[in-house]
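Every chain is numbered from 1, with letters handed out A, B, ... down the list of sequences. What you see is a predicted model; the values in this text were computed from it and never measured.
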Protein chains: 2
Amino acid sequence: MTFDNNVPTKFPNLAPKGPSGELFLANERAKGSFDVNELSKFMYTEEWLQKMNKVLEVLESEPAFDKTHRYYMNRKEKISSSLWKDRRIIEVAKEHNWDETDTQIANFLYDQSTPFTLHYNMFLPTLKNQTTDEQKKLFLEPALRHEIIGCYAQTELGHGSNVQGLETTATYISETNEFELHSPTLTSAKWWIGGLGKAANYAIVMARLITDGKDLGPHPFCVQIRSLKDHRPLKGITVGDIGPKFGFNSVDNGFIMFDHYRIPHVAFLAKYSQVKPGTGEYTKPPNAKLSYGTMVFVRANIVMGVRYALAKATTIAIRYSAVRQQFVDAANPRKWDNKVIETPVLDYTMQQYRLLPALAAAYACFFTGREMIRLYNLNQEAMQQGNFSLLADLHASSSGLKSLTTTMAIEAIEDCRRACGGHGYSMFSGLGQFYQDYLPNVTWEGDNYILTQQTARYLLKTFRNVIAGKAEPSEYNQTINYLTQFLQNPKAKCPATKPSDFSNPELILSAFGFRAAYGIAQVAEQIDRHGRSWNSMLVEISRISKAHCQFMLVRNFIVTLQNDEQLAKPENKPMLKVLRLLATLFALHTMEKELSEFLVAGYLSSEQSAMLKEQVIHLLELVRPEAVSLVDAFALPDYFLHSALGRYDGKVYEAMTEMAEREPLNHTLVVDGYNECIKPLVVKGLKKPSASESAKL
Amino acid sequence: MTFDNNVPTKFPNLAPKGPSGELFLANERAKGSFDVNELSKFMYTEEWLQKMNKVLEVLESEPAFDKTHRYYMNRKEKISSSLWKDRRIIEVAKEHNWDETDTQIANFLYDQSTPFTLHYNMFLPTLKNQTTDEQKKLFLEPALRHEIIGCYAQTELGHGSNVQGLETTATYISETNEFELHSPTLTSAKWWIGGLGKAANYAIVMARLITDGKDLGPHPFCVQIRSLKDHRPLKGITVGDIGPKFGFNSVDNGFIMFDHYRIPHVAFLAKYSQVKPGTGEYTKPPNAKLSYGTMVFVRANIVMGVRYALAKATTIAIRYSAVRQQFVDAANPRKWDNKVIETPVLDYTMQQYRLLPALAAAYACFFTGREMIRLYNLNQEAMQQGNFSLLADLHASSSGLKSLTTTMAIEAIEDCRRACGGHGYSMFSGLGQFYQDYLPNVTWEGDNYILTQQTARYLLKTFRNVIAGKAEPSEYNQTINYLTQFLQNPKAKCPATKPSDFSNPELILSAFGFRAAYGIAQVAEQIDRHGRSWNSMLVEISRISKAHCQFMLVRNFIVTLQNDEQLAKPENKPMLKVLRLLATLFALHTMEKELSEFLVAGYLSSEQSAMLKEQVIHLLELVRPEAVSLVDAFALPDYFLHSALGRYDGKVYEAMTEMAEREPLNHTLVVDGYNECIKPLVVKGLKKPSASESAKL
């Protein structure tokens with residue numbers, strides 16, 4: 001090619017067909033009945049919002065946190081730019097004197113995991129919780145100064161959920177007072193370990209402790225794996241990246257194998273159990289119950305995270321649905337400046353049905369996350385006073401809620417993406433990579449199916465206790481309460497006689513409690529009376545966990561609206577009214593989704609089902625005019641969303657074309673491969689006919 | 001760094017923990033009760049399988065079709081390697097004298113769309129169907145010789161589903177006998193057009209025909225867009241790639257805008273409507289009904305494609321679930337060579353519940369796809385004789401079935417991916433990119449939500465006809481049949497009194513027919529008697545389409561098993577028995593999923609629901625030992641699957657590690673960015689303590 005090929009493609013300077021997205025959104029914002037800022041403050045506090053705005057300003061001015069190129073990067077570029085962010089955020093935090101919340105906000109807004117993420121989220125917390133003072137000096141202090149960068153190596157190629165099945169061994173060698181780490185098989189390779197692939201020079205390694213010929217099961221060791229001088233893997237170690245994943249490609253998930261690799265005695269994390277130097281004598285850890293508290297905390301935070309996930313997805317889809325028009329609704333044509341326009345898709349009932357329940361769910365997860373953190377604190381206090389009575393219920397609910405809400409979130413992200421039509425499939429929607437990166441939440445921190453068994457075990461145990469008269473109703477244990485109510489009247493019926501009856505909070509709570517209790521009673525009967533095996537009941541077991549957790553979500557939402565002092569203030573009345581609509585929509589839409597269980601329980605009739613459906617459609621109509629204001633209240637900045645469709649200003653099409661101009665394929669006029677693959681085909685055509693045809697003429 | 005950094009990471013030569021995947025799969029294969037090869041032949045024919053094996057051999061020996069690097073490529077590499085495939089397949093087809101089926105098989109096995117895909121799937125068919133003889137010479141013939149490469153430009157940035165809303169104009173200029181193509185706004189940019197971004201030099205452009213001041217709506221034009229000499233965009237045209245997408249990144253989906261771009265009169269595709277040269281007088285196309293036939297054909301093929309999608313996903317997940325073990329089932333510990341081993345996850349009921357219905361659905365889609373193609377041919381014949389009586393029912397079913405089955409497929413792919421645990425998230429599972437690439441099926445060729453409205457309109461119309469006595473039961477119209485049956489006994493009840501009654505085919509068909517009819521009757525009542533608007537009924541409307549199509553899927557499966565001559569042969573008895581199990585599992589699992597509708601219709605009782613669930617679990621037990629044989633019967637070669645988890649030989653862990661070694665990040669010991677981002681942090685640590693500590697000592 002003799003011409004200049006490096007001519008970037010530019011769009012002509014044209015406006016989209018009017019009315020503009022800005023006008024549509026302004027119109028929507030005028031419809032909201034409550035003060036958007038007040039609702040944001042209620043959820044986040046004013047202080048947090050101010051902090052966010054300050055941090056946001058810093059991020060937007062720093063090249064290391066720029067998102068402009070995020071959707072075009074290949075794997076290597078993703079890792080390199082992530083490392084750059086990891087380094088700069090340490091410096092920036094110092095420069096701006098950020099506290100822990102500021103840094104959390106920065107990572108939240110940056111919204112992409114990096115090689116150092118697990119250093120902060122797993123390596124440091126493990127070192128804080130499981131080390132002796134000597135080990136803190138040796139490992140934790142340099143780790144806090146980033147002089148060592150760590151990761152947490154538990155999962156193996158052959159073992160995920162079943163920790164007791166891990167194969168890596170750590171054998172105590174009394175002669176040298178060392179442990180010998182070893183990977184006996186291919187399946188014993190540590191696998192999936194975030195930060196291990198290329199970045200970490202240390203790892204917490206979970207390995208079977210073997211001392212005096214006895215296998216004592218998995219224990220944690222803090223192990224150097226790469227040279228601190230040149231970052232090369234140390235001898236005896238094979239380490240690398242596990243390759244491309246569905247998402248999370250900005251993280252170097254890695255593998256590691258040990259070949260009779262010796263580590264010093266001090267590597268064994270010795271706060272809870274010890275191996276005596278020289279003799280190798282083993283001391284068992286004390287009661288493990290305290291560690292359940294931590295699991296509750298992690299899961300409460302996942303539920304709070306679900307709120308953000310739902311908020312992000314619905315913000316994008318609802319704003320775009322207010323701007324995007326498709327078809328003229330002949331029965332009810334929309335007008336603008338007296339001219340018929342196509343209908344904004346948010347006006348179609350089906351679109352509302354797809355999006356508004358997800359919006360309501362975002363608020364539901366906010367109230368349940370908040371309640372779980374309150375209960376976590378209550379329980380921590382109680383445990384410190386030796387009172388473990390709250391723990392079992394809280395732990396069971398948190399397991400099931402992690403499972404239910406992350407499943408809800410990933411479904412909602414995809415529903416929102418599809419509700420954006422074709423453009424939802426473009427990376428510029430912001431929903432594609434989001435879906436990919438969020439997805440591991442349904443598998444990690446307890447696989448969502450396996451977790452439901454923990455919840456169900458507790459529910460069945462409680463049921464047996466209630467039957468045996470060994471459990472009293474209590475304000476701290478809703479499970480006992482709804483089971484007791486059910487057993488008092490196991491043939492109860494829903495009292496609704498018209499659609500609006502379904503908006504009664506007491507009716508809703510009774511219905512969800514009854515349905516959960518009925519399911520638990522059925523499973524208990526199958527197992528306890530008919531001798532069915534646990535394995536054969538797994539499908540029903542996951543259903544009772546879900547039923548219990550849906551009760552919790554609905555209850556936390558409704559009860560908070562009844563009791564919250566701030567919401568009770570007169571000036572917050574409009575806000576409270578809208579939140580009540582959302583609570584009712586969330587509850588009734590959930591009831592409709594799970595309708596068969598309410599019907600099988602004999603609680604709802606066919607006629608009532610029809611009323612319920614009618615009420616759901618009615619609620620959609622009521623929430624519709626508040627929709628854009630309700631997503632605005634999430635206060636998610638454009639920097640965070642990084643979405644052409646979800647922009648606050650509604651300039652959807654301008655953003656789509658601007659982002660398309662940045663596609664690397666558009667930096668040259670003629671594609672690589674043209675000369676080899678297209679030209680020979682086409683030019684053959686150019687020559688042949690002209691030769692033969694001229695002969696004919 | 002002074003050392004050699006280009007040292008590829010290699011795994012030690014270790015075997016996985018035993019028993020090996022090969023042994024597990026051999027064990028599974030020994031359990032099957034039927035002849036796997038016979039079932040493959042029944043589905044594909046022996047001839048097709050032989051063709052496939054021949055084509056496979058060619059693909060596996062050709063570097064241009066190698067999949068080894070597929071999961072590591074960035075966007076540009078994907079496009080370049082796709083162009084290379086596009087060129088080589090033309091040459092290879094000639095070298096090996098491939099017929100059309102051979103080429104189809106090759107593309108099926110290669111399993112990735114490329115820049116030329118739309119040339120074959122849309123450009124050529126449009127030219128074949130909508131051109132005059134003159135245009136065939138001018139456009140079709142060189143296109144068949146690949147001297148011009150085309151695409152199909154309909155969708156715009158602002159308009160997808162609503163074709164009538166397209167903005168691009170083509171104004172007839174009588175003075176020069178030309179059309180002037182123009183893009184008046186930003187939203188009028190053609191968008192999403194496969195092959196347009198970088199590869200095509202021609203496009204079929206759908207533009208509003210304007211002649212004599214009249215806007216006649218969208219019509220097709222065949223337009224040159226790039227130079228045939230050097231591939232540069234022609235003057236007046238802005239064209240490029242629309243940027244990264246969730247999947248399909250091996251295709252250059254593009255945009256194009258026209259700035260008063262002149263094209264000759266012959267560009268207007270003139271088989272059905274004409275514009276008279278000089279005067280610009282317009283001749284309307286004849287009856288459009290014939291084109292519905294084509295839509296039916298396209299959608300029947302999508303349903304057949306669903307079969308392959310489900311087959312691929314279940315092959316991978318079921319084979320891996322037979323190899324992967326997790327936890328010892330204490331109540332029923334598995335043994336191998338008299339030693340307790342962890343339980344293969346396929347033995348857990350929950351895993352069966354997640355995977356085996358999807359396996360059954362793959363077979364269901366096969367039988368329905370086959371039936372649709374039979375009906376398509378029947379209808380084509382009938383239409384040629386002026387009989388249009390089959391068309392409406394066939395078109396309605398095909399719309400709804402496209403919607404239902406592609407939604408089923410994408411859900412099943414993701415269910416299968418999740419059922420693979422953590423490794424499902426690795427690209428090496430083969431399920432991640434598959435999900436990404438399959439996803440557009442729920443949006444294109446009719447958005448899945450919008451399509452259901454077409455089906456529902458037909459169902460409601462038929463209902464009104466049946467009520468009015470204007471529609472007679474017929475062997476060609478099952479809709480009329482089940483509606484008539486329902487109206488004869490709208491209070492019918494399910495006769496089942498024990499779980500096994502649910503396996504009765506007649507009971508199943510009556511139940512699905514009744515439930516569909518009940519839903520249609522409800523919607524008709526709301527609209528016709530209560531005056532509810534179409535928009536307010538959209539949720540129920542999508543439900544009746546689904547109910548109808550589930551009836552069709554179940555019926556086609558069951559009735560074929562009753563009537564197929566080949567299956568009736570004595571030697572095929574074991575195969576028929578297993579297929580019957582699958583048909584029943586598919587039907588009853590579907591009934592369980594949609595339980596609320598059967599309950600609300602008053603057809604099933606609570607007690608019967610419990611029996612139904614019991615029967616589903618029982619069927620899972622019966623299908624379980626056949627599972628690996630049933631996926632083997634899909635005869636999908638490892639080359640096609642390209643999955644570490646789904647390999648025929650079960651060498652899952654060997655494949656995972658081999659593929660990880662190919663990760664480009666593992667080709668160097670020390671990661672790019674180490675010197676800038678990690679070293680300064682770590683080495684600061686190395687120096688500082690050694691200096692200050694030595695001072696203290």
Checklist outcome for this item: Bottom line for B:Ala331: the part with an atom under 4.5 Å from chain A's heavy atoms is neither
Checklist entry - With a 4.5 angstrom heavy-atom cut-off, which part of A:Tyr71 approaches chain B: side chain, backbone, both or neither? => result both
Item to check | Donor-acceptor pair between A:Asp672 and B:Ser80 side chains, under 3.5 angstrom | outcome: no
Next on the checklist: Please evaluate residues B:Lys613 and A:Glu540 with respect to the criterion side chain to side chain contact (heavy atoms under 4.5 Å, CB included), reporting the C-alpha separation (whole Å), side-chain torsions for both, the decisive distance (0.1 Å), and the verdict.
Outcome noted: CA-CA 9 Å; B:Lys613 288 180 184 184; A:Glu540 297 303 315; 3.5 Å; yes
Checklist entry - Quick one: side chain to side chain donor-acceptor pair (under 3.5 Å) partners of B:Gln325, sequence neighbours excluded? => result none
Checklist entry - With sequence neighbours left out, what residues match B:Thr9 under side chain to side chain donor-acceptor pair (under 3.5 Å)? => result none
Checklist entry - Is chain A contacted by the side chain of B:Ala199, its backbone, both, or neither, given a heavy-atom distance below 4.5 Å? => result both
Next on the checklist: Report which part of B:Met659 has an atom under 4.5 Å of a heavy atom belonging to chain A: side chain, backbone, both, or neither.
Outcome noted: neither
Item to check | Under 4.5 Å from a heavy atom of chain A, the part of B:Val7 involved | outcome: neither
Checklist entry - Is chain B contacted by the side chain of A:Asp329, its backbone, both, or neither, given a heavy-atom distance below 4.5 Å? => result side chain
Checklist entry - Checking heavy atoms, do the side chain of B:Pro142, its backbone, both or neither come under 4.5 Å from chain A? => result neither
Item to check | Residue A:Arg354 versus chain B: region with a heavy atom under 4.5 Å | outcome: side chain
Item to check | Contact class of B:Trp191 relative to chain A, heavy atoms under 4.5 angstrom | outcome: side chain
Next on the checklist: Using a 4.5 angstrom heavy-atom cutoff, name the option from B:Ile79, B:Leu595, B:Asn249, B:Leu157 with the most pairs to chain A.
Outcome noted: B:Leu157
Checklist outcome for this item: The interface call for B:Trp192 against chain A, heavy-atom contacts under 4.5 Å, is side chain
Item to check | Part of A:Val539 lying under 4.5 Å from any heavy atom of chain B | outcome: both
Next on the checklist: Salt bridge or not between B:Lys17 and A:Glu167? Use side-chain N to carboxylate O under 4.0 Å.
Outcome noted: no
Checklist entry - Side chain, backbone, both or neither: which part of A:Arg417 has a heavy atom under 4.5 Å from chain B? => result side chain
Checklist outcome for this item: The interface call for B:Leu431 against chain A, heavy-atom contacts under 4.5 Å, is neither
Checklist entry - Should the pair B:His423 and B:Tyr653 be assigned to parallel (<30°), tilted (30 to 60°) or perpendicular (>60°) ring geometry? => result perpendicular
Checklist entry - In terms of heavy-atom proximity below 4.5 Å to chain B, should A:Ser183 be classed as side chain, backbone, both, or neither? => result backbone
Checklist entry - Which bit of A:Thr443 is near chain B, if near means a heavy-atom gap under 4.5 Å: side chain, backbone, both or neither? => result side chain
Checklist entry - Is chain A contacted by the side chain of B:Glu592, its backbone, both, or neither, given a heavy-atom distance below 4.5 Å? => result side chain
Next on the checklist: So for A:Ile90, is it side chain, backbone, both, or neither that comes closer than 4.5 Å to the heavy atoms of chain B?
Outcome noted: side chain
Checklist outcome for this item: Bottom line for B:Ile450: the part with an atom under 4.5 Å from chain A's heavy atoms is side chain
Checklist outcome for this item: Okay, A:Val652 and chain B: the region with an atom under 4.5 Å from a heavy atom over there is neither
Checklist entry - Donor-acceptor pair, B:Gln453 side chain versus B:Ile541 backbone, under 3.5 Å? => result no
Item to check | Trace of the side chain to side chain contact (heavy atoms under 4.5 Å, CB included) decision for A:Glu663 with B:Arg75 | outcome: CA-CA 10 Å; A:Glu663 160 62 46; B:Arg75 185 84 207 287; 3.3 Å; yes
Next on the checklist: Given heavy-atom pairs under 4.5 angstrom as the criterion, report whether the side chain, backbone, both or neither of A:Ile678 touches chain B.
Outcome noted: side chain
Next on the checklist: What part of A:Pro244 gets within 4.5 angstrom of chain B, counting heavy atoms only: side chain, backbone, both, or neither?
Outcome noted: both
Item to check | Which atoms of B:Asp86 approach chain A - backbone, side chain, both or neither, heavy atom under 4.5 Å | outcome: neither
Checklist entry - Side chain, backbone, both or neither: which part of A:Phe598 has a heavy atom under 4.5 Å from chain B? => result neither
Item to check | B:Ile242 versus chain A, the contacting section by heavy-atom distance below 4.5 Å | outcome: backbone
Checklist entry - Is it the backbone or the side chain of B:Thr657 that comes under 4.5 Å from a heavy atom of chain A, or both, or neither? => result both
Next on the checklist: Please classify the contact between B:Pro184 and chain A as side chain, backbone, both or neither, with a heavy-atom cut-off of under 4.5 Å.
Outcome noted: backbone
Checklist entry - Does B:Lys198 offer a backbone N or O that forms a donor-acceptor pair with the side chain of B:Asp252 under 3.5 Å? => result yes
Item to check | Full working for side-chain hydrogen bond (donor to acceptor under 3.5 Å, both in side chains) between B:Asn162 and A:Glu342 | outcome: CA-CA 10 Å; B:Asn162 182 16; A:Glu342 290 180 79; 2.8 Å; yes
Checklist outcome for this item: If one checks every heavy atom of A:Glu414 against chain B at 4.5 Å, the contacting part turns out to be side chain
Checklist entry - Which bit of A:Asn201 is near chain B, if near means a heavy-atom gap under 4.5 Å: side chain, backbone, both or neither? => result side chain
Item to check | Close aromatic pair by centroid cut-off 6.0 Å: A:Phe11 and B:Phe255 | outcome: yes
Checklist entry - So B:Tyr425 and A:Gln436, side-chain hydrogen bond (donor to acceptor under 3.5 Å, both in side chains) or not? Walk me through it. => result CA-CA 9 Å; B:Tyr425 194 68; A:Gln436 292 171 285; over 6 Å; no
